[in-house]
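Below, all heavy atoms of this structure are taken into account, side chains as well, without hydrogens, waters or symmetry copies. One-based numbering, in listed order, for ligands and for the atoms of each. For reference, positions follow the sequence shown, starting with 1.
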Amino acid sequence: MRVVVSIGGSVLVPDLAPERVEAYASVIESLDGAGHALGTVVGGGQTARDYITTARELGANEIELDQLGIAVTRLNARLLVAALDDRAASTPPEDYDAGREAVRRGDVPIMGGVVAGQTTDAVATALAEHVDADLLVFATSVPGVFDADPDADPSATRFDRMTADELVDLVAETDMNAGSNVPVDLTAAKVLQRSGIRAVVLDGTDPRTVERAVRSGDHDGTGIVPGEGAASLAEWRE
Ligand code: UTP
């Protein structure tokens with residue numbers, strides 16, 4: 001199966017613990033060893049937010065803030081490259097063609113951000129579309145997509161499964177400012193909608209959740225399916 005994994009910066013490097021990065025590298029190596037073709041995109045996490053907050057106070061404009069964010073995502077991507085064996089492309093590809101070329105060579109591209117005005121959710125979705133991925137896994141710090149902000153609203157409920165159309169409707173009103181914290185951004189949702197790629201949004205704190213979702217289709221997050229009558233991820237894999 002061809003799979004793109006989007007790893008939030010807050011999941012990979014909430015701090016700079018080498019064990020956590022190593023654990024993600026092991027899962028990527030294990031899936032690669034099992035014959036899956038993989039692409040990975042890494043987010044900026046708290047470090048990106050800190051840089052963005054400071055630069056905003058210094059008067060940087062939104063594009064400059066995005067460029068800082070992109071730089072941090074690429075730093076984080078390099079950490080994962082450092083933990084992987086020689087199957088990883090040695091530098092983070094800076095555009096989708098380079099990412100696809102790496103997949104074609106049989107390498108695992110570890111990308112960060114690409115252009116201003118989006119997040120790495122959108123990068124992962126566009127890469128998934130570019131490589132004709134069968135599955136896109138968003139490993140985030142929240143356990144899926146909720147109907148309200150679970151931190152602010154105790155009655156917020158997680159969707160087990162939703163269509164890409166429903167996802168687009170849900171995130172359409174979300175603030176797109178640099179560093180904003182949303183499960184999946186609008187650009188990513190719209191690319192998912194047009195491409196029909198199946199996706200899972202899950203809590204990736206334990207990277208084995210990603211491995212399980214890829215290997216068996218089982219997960220405790222939100223499955224995003226192309227249309228109303230579509231099968232669940234587990235059904236689809238059988
Ligand atoms: P992230 O993808 O980490 O954003 O990129 P996020 O959603 O705020 O982080 P998580 O998922 O909660 O950890 C960090 C910042 O880098 C810029 C944006 O400013 C984004 O907020 N960025 C990233 C871009 O401008 N373009 C990209 O392609 C990627």
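Residue Thr120 has at least one nitrogen or oxygen atom sitting less than 3.5 Å from a nitrogen or oxygen atom of ligand 1, judged on distance alone. Residue contacts with ligand 1: Leu65 is placed with no nitrogen or oxygen under 3.5 Å of a nitrogen or oxygen of the ligand (distance criterion only). Checked by distance only, ligand 1 and Gly43 stay at 3.5 Å or farther apart across all their nitrogen or oxygen atoms. Between Gly44 and ligand 1, an N or O atom pair is found at a separation short of 3.5 Å.
Close approach of ligand 1 to Val123 (heavy-atom distance below 4.0 Å) involves ligand atoms 28 (O). For ligand 1, the atoms closer than 4.0 angstrom to any heavy atom of Gly117 are 25 (O). Close approach of ligand 1 to Val115 (heavy-atom distance below 4.0 Å) involves ligand atoms 24 (C), 25 (O), 26 (N), 27 (C), 28 (O).
Side chains of Ser10 and Gln46: no donor on one and acceptor on the other come within 3.5 Å. Under the 3.5 Å distance criterion, with hydrogens and angles disregarded, no donor-acceptor pair is assigned to the side chains of Asp165 and Thr163. Donor-acceptor pairing under 3.5 Å is recorded for the side chains of Ser30 and Arg215.
Nearest-residue assignment for atom 22 (N) of ligand 1 (options Glu64, Gln118, Arg74; heavy-atom criterion): Gln118.
Of all the heavy atoms of Thr73, the ones lying under 4.0 Å from any atom of ligand 1 belong exclusively to the side chain.
Heavy-atom separations between Arg49 and ligand 1 include at least one value shorter than 4.0 Å.
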